[in-house]
Amino acid sequence: MTPAPELVSRVLRDPPSAATLGLAEWDLLVRQARHAQLLARICVVLADRGLLQRVPEQPRTHLEAARVVSDKQDRAVRWEVNRIRHALERLGMPIILLKGAAYVMAGLPPARGRLFSDVDILVPKEQLAGVEAALMLHGWAATQHDAYDQRYYRTWMHELPPMQHIKRQTVIDVHHSILPETARLHPDPAKLRQAAVPLEGHDGLKVLAPADMVLHSATHLFHDGELEHGLRDLADLDGLLRHFGRSESFWRQIVPRARELDLSRPLFYALRYAAATLGTPVPGDTMQAAAAGRPPGALLALMDALFARALAPDHPSCRGRFTGPARRLLYVRAHWLRMPPLLLARHLMHKALVPAKDE
Amino acid sequence: MKVADLGAAELGARLKGSGLYLRTGPFVSRIRSSISSVSEGIGLLYADYPLAEQNDFADFHVGLSRPPTIRRWFHPQAVFDFDGHVPFKPLPLDQAYPLFEWGLNWCVSSHAHQYLMIHAAVIERDGHAAILPAPPGSGKSTLCAALVNRGWRLLSDELALIRRNDGYAVPLPRPVSLKNESIGVIRGFEPSAVINREVRDTIKGTVAHMKPPTDSVSRANETAKPAWVIFPRYRKGAAASLQTRSKGGALMAVADNAFNYSLLGLAGFHMLADMIHACDCHDFSYGDLDQAVEAFSALQPPAP
């Protein structure tokens, strides 16, 4: 079976091309974008260029309805951040917001039309216990009740087990690093915290510095990601690169900063696939310098083949013969990069032999 | 062209093949299924419904199928999918038709945020709509089924769609869902009502669906301005009685029964406040359908 054309990245790359779509193509685009969690983003992209009114009424209704949901989530995230800040106020340390919550609070382009559920924060490792206790006092409770899962998170991961608020049902992930301690790459979280920048108008809140924010997003997608919403995450990267990339100094800093944080490989993939899929403009000399993170030729050819499939929307129309195997291989790869082989074998053995309890 | 014009064989073939493009109110659903009870249910209850004029766009792509697991040999199941995404656990195959109806309701209530959506029945008479919001078990669907068999037009038995620009109720007439004793009550109340086969032991007990009046289906594009918000409550042996409810209390109760009130934020509050402001709001208790019909025919629209 030949996959149908992938229309989501086409419209993100070239918004005016939406005007040429027929109704049957709109039908496909709405379905692909819904599965990729990019329906509201497409609404924003077209509205910004004054193209929304040219979309036929039936698909436009779906775009605008998705926008209603993303607008609500924007409001919900602001309130959630307000509550988290309130809960952690007495610890007297800055809270660094990561990913979606950072994009929303800093007013960055990827926040617009983005759907997400969790709030992620970064705190020093030695403060984890205090942060956890403060959150529990204010209504957040652990979600992983299994003793093995608790130990898995606390011993090997870069975050506490996700905590959920008992009334609002919202989830917070408390990170002390951006990769597991057992992972192949070792970005030093102290360097990230040191460079973090205060959020204007919000005392006590910070976000990562521009280059670090891009590197975190790249690492999440290309080193640790489950790729379920790969294209959405790549669109986030595209939005960040276009925004920060207006300043020349950003492009001068990004490659050395990647080297300093041991993240040259994820940066290489991010620039390569963002440019190839979404037409992200990357200066030639930056691309050339980033090639320091390039994997050997045969591996690169394999990764090209895998990511070409896994970065398409996870919709039946985009599934070819090798899409399933590609996604599974990348899933195994993410685990492989996360832990050394023996530990991974032990973890998989436990997951295979001990039946999961229903939560 | 209507579903009835297809004939059972062609209807089954479309459902099994590239899909039936069915129009219900403002939505087109593309339905695919090889399960015979789904095909039979649609043939009976949607006979008067129009097919979409063109098959190039559908609001909802849905399927009802038998999951290809080993269970199909000894405990066959039906699974509902929304364009490949499965929002509910599979149910026993015998429940495929109600699952289809619940699945279509889910499609609308989780996506159609161009409307304020209230979990309510909506009926209309002389251009004035009555909104009947109620939690399950209040006798809302039974009352709605009785009234649409006595001259009221059915806009919806489950989902009030309030248009955002002018506050009008947009019709989404679909088969009326009846549960447990209500099925026998409606059969006795209106022997000519077309009700499909009962399905037992569902999560809601025994369920069946009543075909909506032909006139309600053919007037599915006639919107109506809400004139009354009435909270029905069935109580055995109670005399039919309408009691005025305060506007503030009515607003809070409708918000509780809305699917996307908080999603719409401030816009949702303004829409709801405007609607409540323009409506007469009542609590209505009843124990007998004939008395209830009489009480409803005496309703006067609020002075403009």
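As the structure is a prediction and not an experimental result, all values here were calculated from the model. Chain identifiers are assigned alphabetically (A, B, ...) following the order of the sequence lines, protein sequences preceding nucleic acid strands; residue numbering begins at 1 within each chain.
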Parallel, tilted or perpendicular: ring planes of B:Phe57 versus A:His62, cut at 30 and 60 degrees: tilted

Test item: A:Asp27 side-chain N/O and B:Ala58 main-chain N/O as donor-acceptor pair under 3.5 Å: yes

Options B:Ala267, B:Ser262, B:Gly265, B:Pro26, ranked by heavy-atom pairs under 4.5 Å with chain A, top entry: B:Ser262

A:Pro59, part contacting chain B, at a heavy-atom distance under 4.5 Å: both

Residue selection (most heavy-atom pairs with chain B, distance under 4.5 Å) from A:Leu23, A:Thr61, A:Val68: A:Leu23

Top of A:Arg31, A:Lys72, A:Gln58 for chain B proximity - count of heavy-atom pairs under 4.5 angstrom: A:Arg31

Working for side-chain contact (heavy atoms from CB on, under 4.5 Å), residues B:Asp83 and A:Arg34: CA-CA 10 Å; B:Asp83 201 15; A:Arg34 198 191 297 287; over 6 Å; no

Neighbour count >12 (heavy atoms, 6.0 Å) for atom CG, B:Asp274: yes

Neighbour count above 12 (heavy atom, 6.0 Å) for A:Gln169 CD: yes

Atom group of A:Glu64 that falls short of 4.5 Å from chain B, counting heavy atoms: neither

Contact class of A:Arg75 relative to chain B, heavy atoms under 4.5 angstrom: side chain

Atom NE2 of B:His277: over 12 foreign heavy atoms under 6.0 Å: no

Residues A:Val30, B:His61; criterion side-chain contact (heavy atoms from CB on, under 4.5 Å); working and verdict: CA-CA 11 Å; A:Val30 168; B:His61 294 255; over 6 Å; no

Distance, nearest 0.5 Å, that separates CG of A:Asp71 from CG of B:Leu263: 9.5 Å

Side chains of B:His111 and A:Leu39 in contact at under 4.5 Å (non-hydrogen atoms): no

Within 6.0 angstrom of B:Tyr168 OH, more than 12 heavy atoms from elsewhere: no

